[in-house]
Amino acid sequence: MGKTIVCPCHDVTVEDIRATYAAGYTHPETLKRATAAFMGPCQGKHCAGAVMSLLRELTGEPAGEPVTRRPTARPPLRPVALGLLAAAAQTGSETGAEAGGTGVAGATTGGA
């Protein structure tokens, strides 16, 4: 029997979600942190429906009822220019300060 992938960005399978749920991660936010579902480049656009449907099945909720809100996609703290990210990737720099910007690390963490 093959694996059924529900999150193609991180190769999270139905079996992964079931095992994580059985381990006590029953809320979408905790499932997100334990499996990385919803956290790929698509920010859950490809997997949200499948994961939430599986969670609904595991909780025994009726099909029309939402289990809870799906986890939110979180954008960077402030806008980051793509050129700054590209420059950081090319130089291997963590901050990207050489490119004259506020820095990649500062942009995602608030500089704290």
Side-chain angles (χ1 to χ4, degrees):
M1 177 145 88
K3 293 181 180 183
T4 304
I5 294 178
V6 292
C7 177
C9 295
H10 286 290
D11 293 331
V12 178
T13 65
V14 169
E15 295 79 19
D16 295 332
I17 298 292
R18 289 182 190 278
T20 304
Y21 183 87
Y25 299 94
T26 58
H27 190 274
E29 286 289 344
T30 58
L31 276 170
K32 172 183 171 180
R33 285 164 178 75
T35 64
F38 303 107
M39 295 172 68
C42 77
Q43 291 290 294
K45 289 179 187 84
H46 295 299
C47 65
V51 173
M52 294 305 286
S53 177
L54 183 56
L55 186 57
R56 187 175 296 110
E57 175 189 314
L58 291 170
T59 60
E61 293 291 324
E65 300 276 326
V67 176
T68 186
R69 253 177 34 132
R70 69 169 265 219
T72 11
R74 291 183 175 87
L77 183 62
R78 59 184 154 252
V80 179
L82 290 177
L84 180 63
L85 295 174
Q90 288 176 350
T91 63
S93 169
E94 277 187 30
T95 63
E98 302 83 31
T102 60
V104 174
T108 57
T109 64

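Sequence positions, counted from 1, serve as the residue numbers for this chain.
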Same cluster or not: are Tyr21 and Met52 linked, directly or through other Ile, Leu, Val, Met, Phe, Trp or Tyr residues, by side-chain heavy atoms under 4.5 angstrom apart?
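In one cluster: yes.
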
Same apolar cluster (I L V M F W Y, side chains within < 4.5 Å links), Phe38/Ile5:
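No.
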
Testing the basics here: between Arg33 and Glu29, what is the closest heavy-atom pair and its distance to 0.1 Å?
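Nearest pair, atom of Arg33 first, then Glu29: NH1-OE1, 2.5 Å.
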
Taking all atoms of both residues into account, what is the closest heavy-atom pair of Ala36 and Cys7, and its distance?
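Between these two residues, the closest heavy atoms are O-SG, 4.4 Å.
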
Side-chain contact, heavy-atom cut-off 4.5 Å: Pro28 with Leu55?
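Heavy-atom side-chain distance check passes, below 4.5 Å.
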
Do Leu54 and Arg18 have side chains that get closer than 4.5 Å, going by heavy atoms?
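They are in contact (side-chain heavy atoms under 4.5 Å apart), so the answer is yes.
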
May I have the step-by-step check of side-chain contact (heavy atoms from CB on, under 4.5 Å) for Thr35 and Ile17, ending in yes or no?
CA-CA 7 Å; Thr35 64; Ile17 298 292; 4.1 Å; yes

Quick check against the 3.5 Å criterion: does His10 have a side-chain atom that pairs as donor or acceptor with the backbone of Val12?
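Between the backbone of Val12 and the side chain of His10 there is no qualifying donor-acceptor contact (under 3.5 Å).
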
Could you grab the distance from atom SG of Cys9 to atom CE of Met39, nearest 0.5 Å is fine?
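Going from the SG atom of Cys9 to the CE atom of Met39 covers 11.5 Å.
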
Just verifying a value: how many Å separate Asp11 CG and Lys3 NZ, rounded to the nearest 0.5 Å?
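If I round to the nearest 0.5 Å, the distance is 8.5 Å.
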
